[in-house]
Number of protein chains: 2
Amino acid sequence: MSANSKLTVAAHALAWIGLYQRRGHEVATSEQIAASVNTNPVVIRRLLAELRKAGLADSRRGVGAGWMLSREPTAITLLDVYEAVEPGPLFALHRSTPNPECVVGRGIGPAMTTVYDDVETALRKELAKTTLEDVLRGVLNAT
Amino acid sequence: MSANSKLTVAAHALAWIGLYQRRGHEVATSEQIAASVNTNPVVIRRLLAELRKAGLADSRRGVGAGWMLSREPTAITLLDVYEAVEPGPLFALHRSTPNPECVVGRGIGPAMTTVYDDVETALRKELAKTTLEDVLRGVLNAT
DNA sequence: CATTGTCGTAACTGGATTGGTTACATTAAG
DNA sequence: CTTAATGTAACCAATCCAGTTACGACAATG
């Protein structure tokens, strides 16, 4: 089953930072974001560290430290976030390799891989359509 | 991460049954299938039980028992299999509900849901393109 | 230069999920 | 009645993940 709320939380965090900056603040703290997400600050820091590695966010240290976006909300797509946060493939093959003596055991991997590749391509294309700016607009409209 | 090998194994099992039937046999046993997948027969039975519930496979009991397809391979798409085997949504929202006092906390759920709906639609459309017949052909070509 | 507020990160925990395994009742052919 | 298979419950071990605690690193500020 999908335990996959990482993308949601990542988008939440970025949206929060984006909105906060738009209101004139320099940086947002992991504690503020955690309060909105309703989780622990460390969870947020870990997640944002991945986004930083992907060049989507950045952090300052010391007093007055916190997080900011590395790019304009219009220049961050959900595909960027997805890739930063979900490295593995959507569908996996077998966990223990199937019987190589069997035609199906040999052929099923390649056969499914081509399908999965197409599915992932479609998924990426769809995620690329939405920017953080769109998310921000959606968030404000939902009020 | 994707621990999602269920779809792969389900397709494997159905392909095995399909090929076996095509070669003139009436039914395939969970033990035969398990030997090809390289797992335990009970795992296969559990999985096939789900596919049976979805009307894709059927089973006989008693001596000479086993499994058969309920429809022609051309009439079974990977979307059918996916729906039979993966009931939950691809992306989940937060596990603990976000802070409703916060604009982002309130709006992020609806905003992401619309995106996720589009993504799932794209994914389903892609999975619907491939039938078990296609998989079977792919398996045999891979040899 | 000491204080302070925040990040960075390791380590541990508890809960949930999952695949595998054993065991045994049920079923139907011969 | 015997036999070969499914149906299903129960349990185990491994894995994963979010949450939590703890503490070191860092930089602004007075």
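None of these values were measured; they are calculated from a predicted model. To find a chain, count down the sequence lines: A is the first, B the second, and so on, and within it residues start at 1. Side-chain atoms are counted along with the backbone in the values below, which use heavy atoms only and exclude waters and symmetry mates.
R60(B) comes within 4.0 angstrom of the backbone, heavy atoms only, and of no base.
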Revision key, fill the gap. Quick tally for nucleotides 23-30 of chain C: nucleotides whose base has a protein heavy atom under 4.0 Å get B, sugar-phosphate-only ones S, the rest -, giving ---BBBB-
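Neither OP1 nor OP2 of dA18(D) sits under 4.0 Å from any side-chain N or O of N40(A). Proximity of T39(B) to the phosphate of dG20(C): a side-chain N or O atom is located under 4.0 Å from OP1 or OP2. Note on S30(B): every side-chain N or O is 4.0 Å or more away from OP1 and OP2 of dA5(D).
For the pair K129(A) and E126(A), the salt-bridge criterion is met [side-chain N within less than 4.0 Å of a carboxylate O]. Contact check on E120(A) versus R124(A) returns a salt bridge, with a Lys/Arg side-chain nitrogen under 4.0 Å from an Asp/Glu carboxylate oxygen.
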For residues 33-42 of chain B, run the donor-acceptor check on the side chains, cut-off 3.5 Å, and write out each pair with its distance to 0.1 Å, sequence neighbours left out.
{"from": "S36(B)", "atom 1": "OG", "to": "H12(B)", "atom 2": "NE2", "distance (Å)": "2.8"}
{"from": "N38(B)", "atom 1": "ND2", "to": "T97(A)", "atom 2": "O", "distance (Å)": "2.9"}
{"from": "N40(B)", "atom 1": "OD1", "to": "V42(B)", "atom 2": "N", "distance (Å)": "2.9"}

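With dG19(D), dT22(C), dG19(C) as the choices, the nucleotide that has an atom nearest any side-chain atom of R46(B) turns out to be dG19(C).
Looking only at atom types and distance, the side chain of D117(A) has no donor-acceptor partner in the side chain of T114(A) under 3.5 Å away.
Rounded to whole angstrom, the span from the CD1 atom of I44(A) across to the C1' atom of dC7(C) amounts to 14 Å.
Helix bend of the helix from dC1(C)-dG30(D) to dG30(C)-dC1(D): the angle between its two end axes, each built from five pairs, comes to 10° after rounding to 10°.
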